[in-house]
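Step one of this worksheet: look at the structure below.
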Number of protein chains: 2
Amino acid sequence: MTAEDEKRFQAKIRAIQDTMFVIGGKWKIPVILSIYCGNRRFNDILASIPRITNRVLSKELKHLEENLLISRTVVSEYPVRIEYALTEYCLSIDKIAKPMEEWGIDHKKRLVNKVKFRQNEYPDCRQLH
Amino acid sequence: MTAEDEKRFQAKIRAIQDTMFVIGGKWKIPVILSIYCGNRRFNDILASIPRITNRVLSKELKHLEENLLISRTVVSEYPVRIEYALTEYCLSIDKIAKPMEEWGIDHKKRLVNKVKFRQNEYPDCRQLH
DNA sequence: CGGGATCCACAATGATACTG
DNA sequence: CAGTATCATTGTGGATCCCG
């Protein structure tokens, strides 16, 4: 393995880690999908995702905003509202979400006989409207 | 949003979370790439990934083996060796790794002016050989 | 309503030592 | 060599309260 190969691999790892940093974790995809589904206000999003707390949601929204995936708009009416929306750019994550979804489905079939498959079961999401 | 849409979204979220559970986290991609690069023995892999500890590596290897991405073979010569290798199936993660890599690279360009981009800087990987 | 501040429990990780 | 065991530390998230 040459030094150039090394560099390529390092770059690859970093890029993948970057992606995971942005959309990885327990709540980012649910938050994005919640907004995608029509929830625009903090408490609506909060209510739509079972078991999430306001502190965590707050952090996640900030993170997603910093990464340009969502926008935060102060609507200055009375009373003042705050609205979240997906950015155009956010739709680009479908490029990764799709393959991940497909792989996840395939993988589950492969492990159908195993018990210890997933630790953090994603909760029922019945309130997504 | 109908009840069926709801179910579809729940399934989508779960599938993506499943994928992240399997290949997400700090070390799984580095471990896979290390083996891909030719490291087959525990201590070689350990030495090739900066800052990983044997305890964590041990867990990661077990996790990857349970998920059929790597194989663990006891070579009964004298002295006994243990060899890790990628499975054929493991190569299928390229379907996700590629899009993630590309997205990560694009995303970084977009955030070139932001400082707080990535928290856990992946270490220099100079010992990957 | 949209969060921030604080406190606390538990999980994840590191360091070090040890074993078959 | 290929890990496990133990302990200390850190981090992460939940629960709760509070505030403009």
Side-chain angles (χ1 to χ4, degrees), chain A residues 17 20-31 34-35 38-66 70-85 116 118-125 127, chain B residues 13 17 20-31 34-35 38-66 70-85 116 118-124 127:
Chain A
Q17 310 272 46
M20 286 199 295
F21 174 65
V22 176
I23 62 151
K26 193 173 179 182
W27 301 111
K28 280 163 200 109
I29 299 288
V31 169
S34 173
I35 299 176
N39 297 304
R40 318 187 117 246
R41 305 182 64 177
F42 188 87
N43 282 314
D44 291 341
I45 301 169
L46 187 67
S48 75
I49 304 175
R51 288 195 255 287
I52 199 170
T53 64
N54 58 355
R55 193 172 77 110
V56 173
L57 177 58
S58 175
K59 270 201 331 189
E60 296 294 60
L61 287 169
K62 202 164 291 173
H63 174 99
L64 292 172
E65 193 194 351
E66 280 174 357
I70 64 174
S71 63
R72 180 182 186 275
T73 312
V74 181
V75 182
S76 42
E77 296 172 352
Y78 302 95
V80 172
R81 273 177 308 148
I82 292 174
E83 292 199 342
Y84 292 95
K116 290 178 55 186
R118 188 177 359 95
Q119 278 176 344
N120 298 314
E121 184 94 26
Y122 186 75
D124 289 335
C125 215
Q127 287 125 320
Chain B
I13 291 174
Q17 310 271 49
M20 287 201 292
F21 173 66
V22 176
I23 63 151
K26 194 172 178 181
W27 301 111
K28 278 160 201 111
I29 298 287
V31 169
S34 173
I35 299 176
N39 296 303
R40 319 187 115 245
R41 305 183 64 176
F42 188 88
N43 282 316
D44 291 342
I45 300 169
L46 187 67
S48 75
I49 304 175
R51 289 195 254 287
I52 200 171
T53 63
N54 55 357
R55 196 171 74 108
V56 173
L57 177 58
S58 175
K59 268 201 333 191
E60 297 294 59
L61 288 170
K62 205 164 291 177
H63 173 100
L64 293 172
E65 194 194 350
E66 279 174 358
I70 64 173
S71 62
R72 181 183 185 276
T73 311
V74 181
V75 181
S76 42
E77 295 174 353
Y78 300 97
V80 172
R81 273 176 308 150
I82 290 172
E83 293 200 344
Y84 292 95
K116 288 178 56 186
R118 184 171 9 91
Q119 279 179 343
N120 297 315
E121 183 94 29
Y122 185 73
D124 289 334
Q127 288 126 322

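Source: prediction; values computed, not measured. We use all heavy atoms of the structure for the numbers below, so side chains are in, but hydrogens, waters and symmetry mates are not. A, B, ... follow the sequence lines: proteins, then strands. Residue 1 opens every chain.
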(message) Between A/R41 and A/E83 (salt bridge meaning N to carboxylate O under 4.0 Å), is one present in this structure?
(response) no

(request) Round to a whole Å and report the spacing from CD of B/E83 to P of D/dG3. (result) 12 Å

(message) To the closest 0.5 Å, what do you measure between NZ (A/K28) and CE (A/M20)?
(response) 11.5 Å

(message) If you assign each of A/V80 and A/K62 to its closest nucleotide in DNA chain C, which residue comes earlier from the 5' end?
(response) A/V80

(request) Could you go through the side-chain contact (heavy atoms from CB on, under 4.5 Å) check for A/V31 and A/L61 one step at a time? (result) CA-CA 8 Å; A/V31 169; A/L61 287 169; 4.0 Å; yes

(request) For the pair B/K62 (side chain) and B/S58 (backbone), establish whether a donor and an acceptor sit closer than 3.5 Å, ignoring hydrogens and angles. (result) no

(message) Please check: side-chain N/O of B/D44 versus main-chain N/O of B/N39, any donor-acceptor pairing under 3.5 Å?
(response) no

(request) Give a yes/no answer on whether the side chain of B/S58 brings an N or O atom under 4.0 Å of OP1 or OP2 in D/dT4. (result) yes

(request) Specify the separation, in whole Å, of atom CG of A/L61 and atom P of C/dC1. (result) 16 Å

(request) Check the distance between C/dA12's C1' and B/F21's CZ and give it to me in whole angstrom. (result) 14 Å

(request) Give the rounded distance in Å between these two atoms: NZ of A/K28 and P of D/dG13. (result) 8 Å

(request) Give the rounded distance in Å between these two atoms: CG of B/L57 and C1' of D/dC1. (result) 13 Å

(request) Sugar-phosphate means primed atoms, P, OP1 and OP2; the rest is base. With that split, encode nucleotides 14-20 of chain D 5' to 3' as B, S or - using protein heavy atoms under 4.0 Å. (result) BBBB---

(message) Just N and O in the side chain of A/R41: are any of them under 4.0 Å from OP1 or OP2 of C/dG2?
(response) yes

(message) Check this one for me: any side-chain N or O of A/K59 less than 4.0 Å away from OP1 or OP2 of C/dG2?
(response) no

(message) Just N and O in the side chain of A/Y84: are any of them under 4.0 Å from OP1 or OP2 of C/dC1?
(response) no

(message) Whole angstroms only, please: what is the CZ-P distance between A/F42 and C/dG3?
(response) 6 Å

